[in-house]
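Chain letters run A, B, ... following the sequence lines, proteins first, then strands; residues in each count from 1.
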Protein chains: 2
Amino acid sequence: MLNRLDPTQSSAIRFDGSEIAIPRLFAYHRVLDAALACGKSVITSHGIAGLLGHAITSTQIRKDLSALGPLGSRGQGYAIKPLVEQLALVLGLDRDWRIAIVGFGYLGHAFATFIAAREERFKVAAILERSPALIGQVWQNTPVRHINDLENVLSAAGCNIGVIAVPAAEAQSVAERLVAQGVRALLNFAPTSLHLRGPVLVRNIDLAGELSILTHRLAFNESSSAGYTV
Amino acid sequence: MLNRLDPTQSSAIRFDGSEIAIPRLFAYHRVLDAALACGKSVITSHGIAGLLGHAITSTQIRKDLSALGPLGSRGQGYAIKPLVEQLALVLGLDRDWRIAIVGFGYLGHAFATFIAAREERFKVAAILERSPALIGQVWQNTPVRHINDLENVLSAAGCNIGVIAVPAAEAQSVAERLVAQGVRALLNFAPTSLHLRGPVLVRNIDLAGELSILTHRLAFNESSSAGYTV
DNA sequence: AAATGTGAAGAGGTTCACAGCG
DNA sequence: CGCTGTGAACCTCTTCACATTT
């Protein structure tokens, strides 16, 4: 039981760390949320490492968490509830996010299904496609609209995040149109580097590139040593 | 015209760089292959940077390429053809890769479609699923088989790479069974850290984690400066 | 005694500046 | 003169060691 008094509950959002820590914080949030649901209330940095299968060291975890403020108690560990709350604030998981998916082939569809299953705060608010066969279909209450109507759909849907799951040749144009409609963050699955002006955040996911890391090491490092987990 | 004589054509595979360079080499291969198809035969490091939308600096490109050996000519640039060939060798793109996809929901399906469309050297050689509705279907000549038959299917199909697109709870078990069948590289879409013994390469793709980077910056860095491309 | 929080050391990758060739 | 190739400087992230607190 942590008996450190916390009168103010000053939920000031603080984060001194760097961008690269964010996916780790997200992983902590995931396992800690689960631990909370299991009835646990206190945990140590080593305990968190255990929940993560020791993929991250306890030192790294303490460094990351200390960037959020003094949330732990020396000799005791961390109270999980305030930790989860603080992580949610820093990660922006305390609010709804409206997502526009452009390109509703298997990749767009997969992404929609994936995030809808995972986090309730991520809402698929608009779906755009070019293929006539898909237009008019309804995916979980969201209609699939033609990509030509992007401006109309977006201005009505008010999305914060755009997911680009169209062929590389269309990606730049789609990105520009999304940004023109006020979208400030893009997740890009097309193997192209987008060129955009303004306060836009772009995150590229290169699936084929990930595969190439595997093929490289299989081809090159065939006579490698032991189990590698990159 | 490069008039450096190249009598031996000694295609010795060499790569002094580090793992982190591989996705960049893959990007070089992609744009250089396209440039070759357009009839270009020579290019400078700055030219490659241009093809990549200046997402990578010319210095970085020269560093990366120099890890493959002395492929350029000072004052001239790089002959594209040998460059593409050397990149293909180092990336392992000179041979076929047989891929087993476990979990053929939208994600597995998306991945299959994605890589089949992109690189002919990646062959989907086995598809495993749990859902009875999908068993027996045939995707581009590859039948969807029940996950219980994994051992039989894999021993017949002889796959080098496994793609894990099942729920997190099943991922560890699937991974172990793939490894037991001789698969030496895994691409894991499940948000779990896999624990495996032996010479296995694991690459994790955390789609929700990528989203969290966007939500973090939107929530936190709202009053940020200019266009960011992470 | 136990576990956090953190300055310092270490490791790894990128950028710089320029020597070396064509 | 132009462009590659590369040692050195620089920067960033991780790991170590330990002072600090409960």
Using ring centroids (six-membered ring only for Trp), state whether A:F114 and B:F189 fall under 6.0 Å.
no

Just grab all the salt bridge (charged side-chain N to carboxylate O under 4.0 Å, His left out) pairs involving residues 28-43 of chain B, residues at least two apart or on different chains.
none

Tell me whether the side-chain N/O atoms of B:S18 come closer than 4.0 Å to OP1 or OP2 in C:dG13.
yes

Qualifying residues under salt bridge (Lys or Arg N to Asp or Glu O under 4.0 Å), relative to A:E170, sequence neighbours excluded:
A:R130

Less than 4.0 angstrom between a side-chain N/O of B:S45 and OP1 or OP2 of D:dC3, yes or no?
no

Under 3.5 Å, sequence neighbours excluded: what are the donor-acceptor pairs made by side chains of residues 158-166 of chain A?
| residue | atom | partner | partner atom | Å |
| --- | --- | --- | --- | --- |
| A:N160 | OD1 | A:R98 | N | 2.8 |

Using whole Å, report how far CG of B:L71 lies from C1' of D:dC3.
15 Å

Per the under-4.0 Å heavy-atom filter, residues of residues 53-68 of chain A near DNA chain D come out as A:T57, A:T59, A:Q60, A:K63

Just how far, in rounded Å, is P of C:dT4 from CD1 of A:I80?
12 Å

Contacts table for residues 207-214 of chain B: side-chain donor-acceptor under 3.5 angstrom, sequence neighbours left out:
| residue | atom | partner | partner atom | Å |
| --- | --- | --- | --- | --- |
| B:E210 | OE1 | A:R203 | NE | 2.5 |
| B:E210 | OE1 | A:R203 | NH2 | 3.4 |
| B:S212 | OG | B:G209 | O | 2.6 |

Please give, in whole Å, the distance from D:dC1 C1' to B:Q76 CD?
11 Å

Let me know the distance between OH of B:Y28 and P of D:dT4, rounded to the nearest Å.
12 Å

Could you tell me how far apart A:L83 (CG) and C:dG5 (C1') are, to the nearest whole angstrom?
14 Å

Can any side-chain N or O of B:R24 pair as donor or acceptor with the backbone N or O of B:I61 at less than 3.5 Å?
no

For B:E19 and D:dC13, give me the distance from atom CD to atom C1', rounded to whole Å.
17 Å

D:dT12 C1' sits how many Å from A:I22 CD1, rounded?
16 Å

side-chain N/O A:Y78 vs C:dG5 OP1/OP2, d < 4.0 Å:
yes

Among residues two or more places apart or on two chains, list those pairs meeting side-chain hydrogen bond (donor to acceptor under 3.5 Å, both in side chains) that have a residue in residues 181-194 of chain B.
B:N188-B:N204

Between A:G69 and A:G75, who's closer to the 5' end of DNA chain C by nearest nucleotide?
A:G75

Between C1' on C:dC21 and CZ on B:R74, what's the gap in Å once rounded to a whole number?
5 Å

